[in-house]
Amino acid sequence: MDVALKKIQSFRLSIDLIERLKKMAKLQNRSLNNFVETVLLDVAFHVPNAETISAMNEAESGSLRNEPELDLSSIEAMEKSMGL
């Protein structure tokens with residue numbers, strides 16, 4: 001069995017962020033630690049392929065619906081640029 005080595009690390013996070021992460025973890029029936037580790041792994045190792053990058057560029061350009069460019073810098077920014 002391949003055992004992943006882990007290291008204990010401390011971070012200072014705002015109380016509001018911690019509470020939000022706890023709620024998100026609970027919705028997925030995960031511990032806070034497991035949820036945060038999964039999110040960080042996704043961010044650290046997710047590299048979109050060429051087809052995905054092309055689709056993102058097309059969506060960002062607004063050419064799909066003749067709308068202004070989408071702001072894909074974050075989910076919140078994207079929703080705002082979509083008028084949601």
J.: What pairs of residues pass the salt bridge (charged side-chain N to carboxylate O under 4.0 Å, His left out) test when at least one of them lies in residues 32-49, not counting sequence neighbours?
T.: Lys6-Glu37

J.: By side chain to side chain contact (heavy atoms under 4.5 Å, CB included), which residues pair with Arg20, not counting sequence neighbours?
T.: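 Partners of Arg20 under the side chain to side chain contact (heavy atoms under 4.5 Å, CB included) test: Met24.
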
J.: Using the test side chain to side chain donor-acceptor pair (under 3.5 Å), find all partners of Ser31 that sit at least two apart in sequence or belong to another chain.
T.: none

J.: Without placing hydrogens or testing angles, list every side-chain donor-acceptor pair under 3.5 Å for residues 7-19, not counting sequence neighbours.
T.:
from: Ser14; atom 1: OG; to: Leu17; atom 2: N; distance (Å): 3.1

J.: Hydrophobic side-chain clustering at under 4.5 Å (ILVMFWY, transitive links): who's grouped with Phe45? Put none if nobody.
T.: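 Leu41, which link up through side-chain heavy atoms under 4.5 Å apart, make up the rest of the cluster.
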
J.: Could I get the full list of side chain to side chain donor-acceptor pair (under 3.5 Å) partners for Asn29, not counting sequence neighbours?
T.: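 Side chain to side chain donor-acceptor pair (under 3.5 Å) list for Asn29, sorted by chain: empty.
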
J.: Among pairs that include at least one residue of residues 73-82, which meet salt bridge (charged side-chain N to carboxylate O under 4.0 Å, His left out), considering only residues two or more places apart or in two chains?
T.: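 For residues 73-82: none.
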
J.: Run the side chain to side chain contact (heavy atoms under 4.5 Å, CB included) test against Ser54 and tell me which residues pass, sequence neighbours left out.
T.: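 Ser54 satisfies side chain to side chain contact (heavy atoms under 4.5 Å, CB included) with no residue once adjacent residues are dropped.
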
J.: So with a 6.0 Å cut-off around CD1 of Ile75, is the heavy-atom count from everything else above 12?
T.: no

J.: Report the residues that fulfil side chain to side chain contact (heavy atoms under 4.5 Å, CB included) with Gln28, sequence neighbours left out, ordered by chain and then residue number.
T.: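 Per chain and number, Gln28 pairs via side chain to side chain contact (heavy atoms under 4.5 Å, CB included) with Arg30, Phe35.
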
J.: Spell out, yes or no, whether Leu40 and Leu32 are grouped together once hydrophobic residues are joined by side-chain heavy atoms under 4.5 Å, including indirect joins.
T.: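 Yes, one cluster joins them.
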
J.: Measure across Met56 and Leu72 and return the closest heavy-atom pair with its distance rounded to 0.1 Å.
T.: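 Nearest pair, atom of Met56 first, then Leu72: O-CD1, 3.8 Å.
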
J.: What are the two closest non-hydrogen atoms of Pro48 and Ile53, and how far apart are they?
T.: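 Closest heavy-atom pair between Pro48 and Ile53: O-CD1, 3.6 Å.
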
J.: For a quick test of reading the model, state the closest non-hydrogen atom pair linking Ala77 to Ser74 and the distance between them.
T.: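 The pair with the smallest heavy-atom distance is N-OG, 3.0 Å.
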
